[in-house]
Protein chains: 2
Amino acid sequence: MDVDDRKLRILQAIVEDYILSNTPVGSRTLSKTCGLGVSSATIRNEMADLTEMGYLIQPHVSAGRVPSAKAYRLYVTRLRPRGMTEQEIESARRAFRSRIRDMESVDSQGAAAISDLTHYTALVLTPRQSDLKVRSLHLIPLGGGRALLVIVTDSGVIRDTSIRVSSRLDASALYTIGQMLTQRMQGLTLRQMREMLYGYAASSDADARVLSGIADLAAQVEKQTETDRVTVGGAHNILYYPEYADVTAARAFMDALEDTGSLMHLLRPQENGICVRIGPETGIDAFRDCSVITAPYRVGRGHTGTIAIAGPSRMPYARMMDMMGMFSQELTDALSIKD
Amino acid sequence: MDVDDRKLRILQAIVEDYILSNTPVGSRTLSKTCGLGVSSATIRNEMADLTEMGYLIQPHVSAGRVPSAKAYRLYVTRLRPRGMTEQEIESARRAFRSRIRDMESVDSQGAAAISDLTHYTALVLTPRQSDLKVRSLHLIPLGGGRALLVIVTDSGVIRDTSIRVSSRLDASALYTIGQMLTQRMQGLTLRQMREMLYGYAASSDADARVLSGIADLAAQVEKQTETDRVTVGGAHNILYYPEYADVTAARAFMDALEDTGSLMHLLRPQENGICVRIGPETGIDAFRDCSVITAPYRVGRGHTGTIAIAGPSRMPYARMMDMMGMFSQELTDALSIKD
DNA sequence: TGTTAGCACTCGATTGTGTTGAGTGCTAAC
DNA sequence: GTTAGCACTCAACACAATCGAGTGCTAACA
């Protein structure tokens with residue numbers, strides 16, 4: 001048995017009805033709305049086929065049908081109707097732009113903006129940065145034997161940490177040390193730099209000793225750059241979906257959001273742009289009835305992060321994919337250095 | 001009628017039983033647990049009195065009694081038993097310390113740590129910073145006509161923003177400008193500095209023009225320093241309390257957390273250290289059945305922020321107050337500059 | 001005067017029983 | 001292949017019955 005055109009149209013009508021109503025769709029209503037001009041009995045026959053093929057699920061015998069994950073998958077890949085209009089996208093774009101003014105905290109601001117604009121839970125994977133190339137290093141005196149280390153990389157992303165230094169060093173001394181460090185480290189990746197710093201710390205090199213906490217520094221750099229980071233925003237949005245009227249369901253969802261390990265796996269950058277994972281495709285048990293739409297964004301040259309939204313599988317996929325595409329564009333734009 | 005010693009003991013037993021069980025407390029169980037050696041009938045008489053006085057609430061005629069906000073208030077002010085042991089505090093302290101390594105993002109890290117350690121929702125009010133005094137200013141080249149502005153203040157808090165500069169300026173030129181700016185601005189408050197910057201932008205002063213986006217800069221400084229910020233962490237924790245088994249309740253709570261205006265009012269620093277607001281005392285309608293414990297923390301000299309936890313009024317007050325005291329100490333410690 | 005045993009009473013929670021109605025599957029006719 | 005007709009199913013709802021924890025009150029007691 002294959003999915004002919006009529007079955008496809010019926011399936012589409014069911015999916016779209018269910019996305020709006022969140023109630024099982026019956027043959028009667030369907031015969032009116034799907035526009036095929038056939039009776040409910042015919043629809044019933046088709047629906048029985050679609051159920052047998054695994055596209056529809058019957059909660060119980062006298063209820064209508066609910067789309068399965070397989071149905072959504074078909075819906076997303078073979079059908080893709082009604083995305084957002086150009087105007088809708090533009091107005092969302094403006095709203096998004098106004099919310100990511102500062103590049104520094106793109107993760108938290110981005111997650112907040114994305115969740116607010118989509119009404120889903122937003123995820124932002126900030127990529128590991130140990131492959132970024134060092135452009136320059138700067139030391140700024142904070143007083144009290146501490147200095148702020150600012151690392152400028154080729155992607156414009158800035159890492160800053162406060163480190164301990166000898167309190168004898170004044171502003172200009174620190175400036176000079178910064179210049180010296182820049183000279184030595186320029187062009188290295190952050191990982192290479194870290195290793196070089198560990199090397200200095202091990203040797204009792206005269207230059208090394210000017211920074212009393214140089215091993216500390218290397219460790220800090222490692223900590224901040226070696227791991228990906230996942231930021232979650234708008235988790236509470238799911239409470240507004242009737243799917244999560246049961247608190248235990250909501251709890252399971254939120255607990256899954258705390259498991260950064262599996263989230264990272266889920267958000268691992270994909271080659272192929274915007275990517276939809278439906279239900280079991282997410283690989284996360286608590287997301288069995290959820291869908292996740294991911295989109296990459298580029299930071300500088302080639303380093304990619306991921307943004308995502310997560311919500312009930314009953315999701316207006318086309319619209320959300322348009323949204324995610326726009327977010328991805330905007331972030332990449334905002335984070336690229338123009339020079 | 002006044003609250004004599006026996007009434008007090010009964011009230012205490014009820015509050016403590018209810019905090020643990022979250023079910024209305026009956027006279028029968030109470031006569032066994034409160035250790036007064038009187039029968040349930042006697043207890044019933046006392047409970048009737050306490051109900052009349054407004055300390056207890058009867059959900060319905062055949063249920064036990066539930067403490068009112070007034071009862072919790074009495075419990076917190078007149079009785080205060082069983083806080084945390086020295087060991088418990090020390091072990092929590094160690095856990096907390098290990099989680100606020102970086103001073104930079106004390107708000108988000110602090111909120112996360114506090115909510116994890118208390119299992120309540122954590123709030124952090126980062127104080128307005130426009131009264132902080134400028135210690136030094138630094139400009140770091142980012143390439144592409146942008147520079148990072150770092151402002152070091154007397155409390156060691158650093159604000160950094162990326163601003164637009166003339167692309168002709170190289171690292172050393174920016175360093176010199178930074179020194180110059182430091183000379184002029186040192187000792188001013190951030191607010192005064194902002195006004196001076198606006199002044200520069202208005203005049204066509206030669207010095208002003210080196211920074212092409214000087215008005216932009218002033219606006220940024222204003223935006224980042226003029227407003228208090230509230231950071232929320234662990235909002236999902238409330239889903240674990242049976243009080244919020246109903247999603248609408250959980251939703252109301254989370255919505256209240258989005259209303260930064262009233263939260264700020266709630267978190268406005270208090271003179272008197274750790275402060276407990278019970279139910280209506282919070283002044284927030286959605287927190288009618290919640291309690292909020294706030295504690296101040298000091299940033300540098302005199303500028304205070306606030307940390308808080310929010311959760312069901314049924315809360316182990318003494319333990320939580322001990323916790324908050326410890327957090328407050330630790331944060332103040334971590335944020336004070338030793339020089 | 002305070003305490004206690006006894007007892008009738010209340011009312012939420014639980015369980016059980018119809019009733020309803022949306023929606024199905026099947027069959028026979030078109 | 002399509003459709004009308006019809007028996008059937010089963011969640012949802014409403015309603016009644018039962019249960020029991022806990023009360024308030026009264027009368028007896030120390």
Side-chain angles (χ1 to χ4, degrees), chain A residues 1-11 13-15 17-18 20-68 71 242-243 245-246, chain B residues 1-11 13-15 17-18 20-68 71 242-243 245-246:
Chain A
M1 195 162 15
D2 74 307
V3 185
D4 59 21
D5 195 53
R6 190 168 71 179
K7 281 196 175 55
L8 224 49
R9 282 187 65 179
I10 290 174
L11 197 59
I14 292 176
V15 169
D17 187 305
Y18 187 73
L20 288 178
S21 70
N22 192 37
T23 43
V25 187
S27 58
R28 180 85 164 277
T29 37
L30 211 52
S31 78
K32 286 181 214 144
T33 58
C34 79
L36 283 171
V38 294
S39 79
S40 64
T42 312
I43 304 275
R44 270 207 293 284
N45 288 330
E46 297 285 39
M47 282 166 85
D49 290 350
L50 285 168
T51 307
E52 200 181 323
M53 286 188 273
Y55 290 107
L56 296 178
I57 291 163
Q58 228 172 346
H60 56 89
V61 70
S62 75
R65 296 317 206 279
V66 169
S68 69
E243 283 87 341
D246 181 19
Chain B
M1 197 162 12
D2 75 306
V3 184
D4 59 20
D5 196 54
R6 190 168 73 178
K7 282 195 174 57
L8 222 50
R9 280 186 67 178
I10 291 174
L11 197 59
I14 292 177
V15 169
D17 187 304
Y18 188 73
L20 288 178
S21 70
N22 191 35
T23 44
V25 187
S27 55
R28 181 82 165 279
T29 36
L30 211 53
S31 77
K32 285 181 215 142
T33 59
C34 79
L36 283 171
V38 292
S39 80
S40 65
T42 310
I43 304 273
R44 271 206 291 285
N45 288 331
E46 297 286 38
M47 282 166 88
D49 290 349
L50 286 168
T51 307
E52 201 182 321
M53 287 189 271
Y55 290 107
L56 295 177
I57 292 165
Q58 225 172 350
H60 57 87
V61 68
S62 76
R65 297 318 207 277
V66 169
S68 68
E243 282 88 340
D246 181 19

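All heavy atoms count here, side chains included; hydrogens, waters and symmetry mates do not. First the proteins, then the strands, lettered A, B, ... as listed; each starts at 1.
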**Opening and closing nucleotides of DNA chain C in contact with chain B, under 4.0 Å to non-hydrogen atoms** = dT3(C) to dG12(C)
**Message:** Please compare Val38(B) and Ala63(A) by the position of their nearest nucleotide in DNA chain C and report the one closer to 5'.
**Reply:** Val38(B)
**Prompt:** Between Arg65(A) (CZ) and dA11(D) (P), how many Å, whole number?
**Reply:** 15 Å
**Request:** Both distances under 3.5 Å, Watson-Crick or G-U wobble: report the partner of dC9(C), or none.
**Result:** dG22(D)
**Item:** Opposite nucleotide pairing with dA28(D), Watson-Crick or G-U, both atom distances under 3.5 Å
**Value:** dT3(C)
**Asked** Once you round it to whole Å, what is the distance between P of dT3(D) and CZ of Arg44(A)?
**Response** 11 Å
**Point-to-point distance, once rounded to the nearest 0.5 Å, from CG of Asp5(B) to CG of Leu36(B)** = 8.5 Å
**Message:** For Gln58(B) and Met47(B): C-alpha separation, side-chain torsions, deciding distance, then whether side-chain contact (heavy atoms from CB on, under 4.5 Å) applies.
**Reply:** CA-CA 10 Å; Gln58(B) 225 172 350; Met47(B) 282 166 88; over 6 Å; no
**Message:** Need one value for Ser62(A): base, sugar-phosphate or nothing, where a base atom within 4.0 Å counts as base even if backbone is also close, heavy atoms only.
**Reply:** base
**Asked** Taking the nucleotide of DNA chain C with the closest heavy atom to each, which residue, Val25(A) or Pro59(B), is nearer the 5' end?
**Response** Pro59(B)
**Message:** Is there a side-chain contact between Ser39(A) and Ser31(A) in this structure, where contact means two heavy atoms from C-beta onward sitting under 4.5 Å apart?
**Reply:** no
**Message:** Checking base pairs now: Watson-Crick or wobble, both atom distances under 3.5 Å. What partners dA14(D)?
**Reply:** dT17(C)
